Trainee: 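The structure is given below, and queries will be raised subsequently.
The figures that follow rest on heavy atoms only: side chains count, while hydrogens, waters and symmetry mates do not. Treat the numbers as computed from the prediction; the structure is a model and nothing was measured.
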Amino acid sequence: MRFAHETLPQRVCFASGEAASTLRAEVERLGARRVMVIAAAAEAELAQQVTADLPVALRWSEVVMHVPVEVAERARAAAAVHEVDCLVSVGGGSTTGLAKAIALTADVPIVAVPTTYAGSEATSVWGLTERARKTTGVDARVLPRSVVYDATLTVSLPVPMSVASGLNALAHCVDAMWGPRVDPIDRALAGEGIHALATGLPAVMADPAGLPGRERTLYGTYLSAVAFSSAGSGLHHKICHVLGGRYDLPHAQTHAVVLPYVLAFNAPCAPEADRRIAAAFGARSAIEGLQRLRHDVDAPKALRDYGLEESDVDDAVQAVLDVVPAGNPRPVTAGSLQHLLRSAWRGTDPSTMTDGKEDRR
Ligand SMILES: NC(=O)c1ccc[n+]([C@@H]2O[C@H](COP(=O)([O-])OP(=O)(O)OC[C@H]3O[C@@H](n4cnc5c(N)ncnc54)[C@H](O)[C@@H]3O)[C@@H](O)[C@H]2O)c1
Ligand SMILES: O=C(O)CCC(=O)CC(=O)O
């Protein structure tokens with residue numbers, strides 16, 4: 001066996017019901033005196049609850065999904081004017097993403113308090129959108145120094161958003177199985193992540209106010225993000241980044257819709273991934289396990305429901321072809337991508353994707 005796996009330096013605190021005291025301790029560990037709290041207006045109350053004891057120099061609420069560069073520039077300028085020495089993000093992936101955009105140029109530490117299952121808090125991946133093009137990169141400076149997971153903060157996340165966001169996390173696990181830098185440790189983390197999410201999300205559906213399902217989903221989220229960050233963006237993430245950046249589609253729902261199509265496309269040419277994903281779901285095949293979960297949680301079904309026009313599909317195919325990751329288990333052609341995206345647009349049965357016999361390497 002030969003591989004090198006990089007474990008990222010980060011403290012992770014699971015602290016249900018104790019975000020405020022845990023966050024304060026984490027900020028004190030960093031010796032911070034001038035904290036910038038980043039929270040969207042919708043999460044202002046949650047943020048106030050957990051940051052009341054911090055030495056706050058600035059509260060920032062302009063948060064936009066996919067982090068447009070002009071929003072990042074305004075936040076960076078404010079952070080500089082207020083001489084902040086620590087960024088505390090309280091919110092979903094959009095909020096964490098803005099903190100990362102600031103840390104990328106200001107080199108100040110982030111403490112992240114996630115309130116969705118996007119997983120950005122546990123990756124060193126940043127994303128910025130400029131003129132409808134989403135650029136992503138990897139930089140050690142954007143990895144939050146500490147993460148505080150408090151499941152009570154996710155109880156207010158509506159069930160449909162919880163499902164979509166949890167499937168965003170599941171997509172990190174699945175895409176990690178064939179990501180460009182995947183190693184056996186990533187696969188092990190991704191398998192445990194799939195198992196946690198596949199049991200956590202139905203529990204959230206059954207009891208949205210209960211903590212066990214929320215805690216399990218957060219645990220799966222963390223594992224998914226570590227696996228994804230190490231393995232890198234595979235075909236699924238590249239497709240979703242094009243759709244999110246170019247057509248401003250909602251991030252989590254886009255992931256939730258596209259995932260079964262990419263899985264159905266790649267699995268026939270990725271037998272080990274198929275076997276591991278199936279085992280994590282307790283199913284005969286990866287796609288059977290994913291489709292069962294999607295049915296049980298009433299997952300988002302079609303891109304046409306989330307703002308993509310049918311006439312955008314051809315344009316999207318060309319844009320994705322430019323960013324297909326090297327080493328995808330199955331060769332990607334304009335024709336296969338066209339079929340994949342058109343199927344995802346309509347929400348047709350993913351098992352109608354071809355079985356890949358003609359492409360098997
Ligand atoms: N860099 C990474 O590794 C990474 C990973 C995943 C996602 N992302 C980025 O994250 C963004 C998407 O994140 P997201 O899907 O979490 O969306 P989001 O952060 O935009 O949140 C979605 C919605 O949920 C609301 N919300 C958040 N927490 C809530 C709560 N506890 N209760 C009620 N409402 C709540 C928000 O106000 C918002 O309206 C995208 O820009 C994506 O690119 C980055
Ligand atoms: O921060 C980003 O926008 C890039 C990484 C990312 O979005 C992961 C994902 O697609 O869920």
Trainee: Decide if atom CZ of R74 counts as having more than 12 heavy atoms of other residues, nucleotides or ligands within a radius under 6.0 Å.
Mentor: yes
Trainee: Whether the side chain of Q10 engages the backbone of E121 through a donor-acceptor N/O pair (distance < 3.5 Å, no angle test) should be reported.
Mentor: yes
Trainee: Can you give me the closest heavy-atom contact between V138 and R181, atom names plus distance?
Mentor: CG2-NH2, 4.5 Å
Trainee: Do S224 and T221 meet the criterion of a side-chain donor-acceptor pair at a distance under 3.5 Å?
Mentor: no
Trainee: Between the side chains of S230 and D186, does any donor sit under 3.5 Å from an acceptor?
Mentor: yes
Trainee: May I ask you to check whether T105 and R141 show a side-chain donor-acceptor distance below 3.5 Å?
Mentor: no
Trainee: Decide side chain to side chain contact (heavy atoms under 4.5 Å, CB included) for C86 and V108; before the verdict, give the C-alpha distance in whole Å, the side-chain angles of both, and the deciding distance to 0.1 Å.
Mentor: CA-CA 6 Å; C86 178; V108 280; over 6 Å; no
Trainee: Can you tell me if Y149 and R214 form a side-chain donor-acceptor pair at under 3.5 Å?
Mentor: no
Trainee: Minimum heavy-atom separation for E43 and A39, please, with both atom names.
Mentor: O-CB, 4.3 Å
Trainee: What's the shortest heavy-atom distance between T95 and A40, and which atoms?
Mentor: OG1-N, 4.3 Å
Trainee: Under the criterion side-chain hydrogen bond (donor to acceptor under 3.5 Å, both in side chains), I'd like the reasoning laid out for R342 against Y261: C-alpha separation, chi angles, the key distance, then a yes or no.
Mentor: CA-CA 10 Å; R342 209 162 278 287; Y261 299 97; over 6 Å; no
Trainee: Please round to the nearest 0.5 Å and tell me the distance separating atom CD1 of I277 and atom CZ of R187.
Mentor: 9.5 Å
Trainee: Please find the pair of heavy atoms, one from L167 and one from A299, that lie closest to each other, and give the distance.
Mentor: CD1-CB, 3.5 Å
Trainee: How long is the straight-line distance from OG1 of T116 back to CG of L153, given to the nearest 0.5 Å?
Mentor: 11.5 Å
Trainee: Run the salt bridge (charged side-chain N to carboxylate O under 4.0 Å, His left out) check on R11 and E26 step by step: do they pass?
Mentor: CA-CA 9 Å; R11 276 173 60 81; E26 293 306 303; 2.9 Å; yes
Trainee: Would you find a donor on one side and an acceptor on the other, under 3.5 Å apart, between the side chain of T129 and the backbone of P68?
Mentor: no
Trainee: If hydrophobic clusters are built by linking Ile, Leu, Val, Met, Phe, Trp and Tyr wherever their side-chain heavy atoms come under 4.5 Å apart, do V90 and V71 end up in the same one?
Mentor: no
Trainee: Can a side-chain donor-acceptor contact be found between H66 and K134 if the only test is distance below 3.5 angstrom?
Mentor: yes
Trainee: Counting distance only, does the side-chain N/O of S229 pair as donor-acceptor with the main-chain N or O of V226 below 3.5 Å?
Mentor: no
Trainee: Heavy-atom count around E62 CD within 6.0 Å, excluding the residue itself: above 12?
Mentor: yes
Trainee: What's the spacing between R246 CZ and L308 CG if we round to 0.5 Å?
Mentor: 11.5 Å
Trainee: Which heavy atom in P55 sits nearest to a heavy atom in A32, and how many Å separate them?
Mentor: CG-O, 3.8 Å
Trainee: Looking at E6, I want to see if its CD is surrounded by more than 12 non-hydrogen atoms of other residues, nucleotides or ligands under 6.0 Å.
Mentor: no
Trainee: Answer yes or no: is there a donor N or O on one side and an acceptor on the other, between the side chain of S336 and the main chain of V332, under 3.5 Å?
Mentor: no
Trainee: Between the main-chain N or O of E309 and the side-chain N or O of D312, is there a donor-acceptor pair closer than 3.5 Å?
Mentor: yes
Trainee: After noting the C-alpha distance and the side-chain angles of K100 and S124, does the key distance pass the side-chain hydrogen bond (donor to acceptor under 3.5 Å, both in side chains) rule?
Mentor: CA-CA 9 Å; K100 286 178 162 184; S124 51; over 6 Å; no
Trainee: Main chain of A101, side chain of R76: is a donor-acceptor contact present, judged purely on distance under 3.5 Å?
Mentor: yes
Trainee: Decide side chain to side chain contact (heavy atoms under 4.5 Å, CB included) for I239 and L341; before the verdict, give the C-alpha distance in whole Å, the side-chain angles of both, and the deciding distance to 0.1 Å.
Mentor: CA-CA 9 Å; I239 290 173; L341 285 177; 3.9 Å; yes
Trainee: So, D274 side chain and A267 main chain: donor-acceptor pair closer than 3.5 Å or not?
Mentor: no
Trainee: For the OG1 atom of T333 and the CG atom of L340, what is their distance to the nearest 0.5 Å?
Mentor: 10.0 Å
Trainee: R59 and T51: side-chain donor and acceptor closer than 3.5 Å?
Mentor: yes
Trainee: If you count heavy atoms of other groups shown closer than 6.0 angstrom to CZ of R33, is the number above 12?
Mentor: no
Trainee: So, taking the atom named CH2 in W60 and the one named CE in M36, what distance separates them when rounded to the nearest 0.5 Å?
Mentor: 6.0 Å
Trainee: Show the numbers, then the answer: is there a salt bridge (charged side-chain N to carboxylate O under 4.0 Å, His left out) between R276 and E272?
Mentor: CA-CA 6 Å; R276 280 180 177 262; E272 190 194 342; 2.9 Å; yes
Trainee: Would the distance check show the side chain of R294 and the main-chain N or O of P300 forming a donor-acceptor pair, the cut-off being under 3.5 Å?
Mentor: yes
Trainee: Taking atom types as modelled, is there a side-chain donor on H255 or H172 under 3.5 Å from an acceptor on the other?
Mentor: no
Trainee: Can you name the closest pair of heavy atoms from G193 and L223 and give their distance?
Mentor: N-CD1, 3.8 Å
Trainee: Could you tell me if E130 and T135 have a donor-acceptor pair between their side chains, going purely by distance under 3.5 Å?
Mentor: no
Trainee: So, do V148 and V50 sit near enough that their side-chain heavy atoms are less than 4.5 Å apart?
Mentor: no
Trainee: Just by distance, do the side chain of D183 and the backbone of F3 share a donor-acceptor pair under 3.5 Å?
Mentor: no
Trainee: Would you please test V324 and K238 for side chain to side chain contact (heavy atoms under 4.5 Å, CB included) and show each step?
Mentor: CA-CA 7 Å; V324 169; K238 292 295 186 187; over 6 Å; no
Trainee: If you draw the axis of the six-membered ring of F281, does the NZ or CZ of R292 fall within 45° of it and under 6.0 Å from the ring centre?
Mentor: no
Trainee: Quick check for you: to the nearest 0.5 Å, what is the distance between L87 atom CG and T96 atom OG1?
Mentor: 11.5 Å
Trainee: Under 3.5 Å, is there a donor-acceptor pair between the side chain of D150 and the main chain of A19?
Mentor: yes
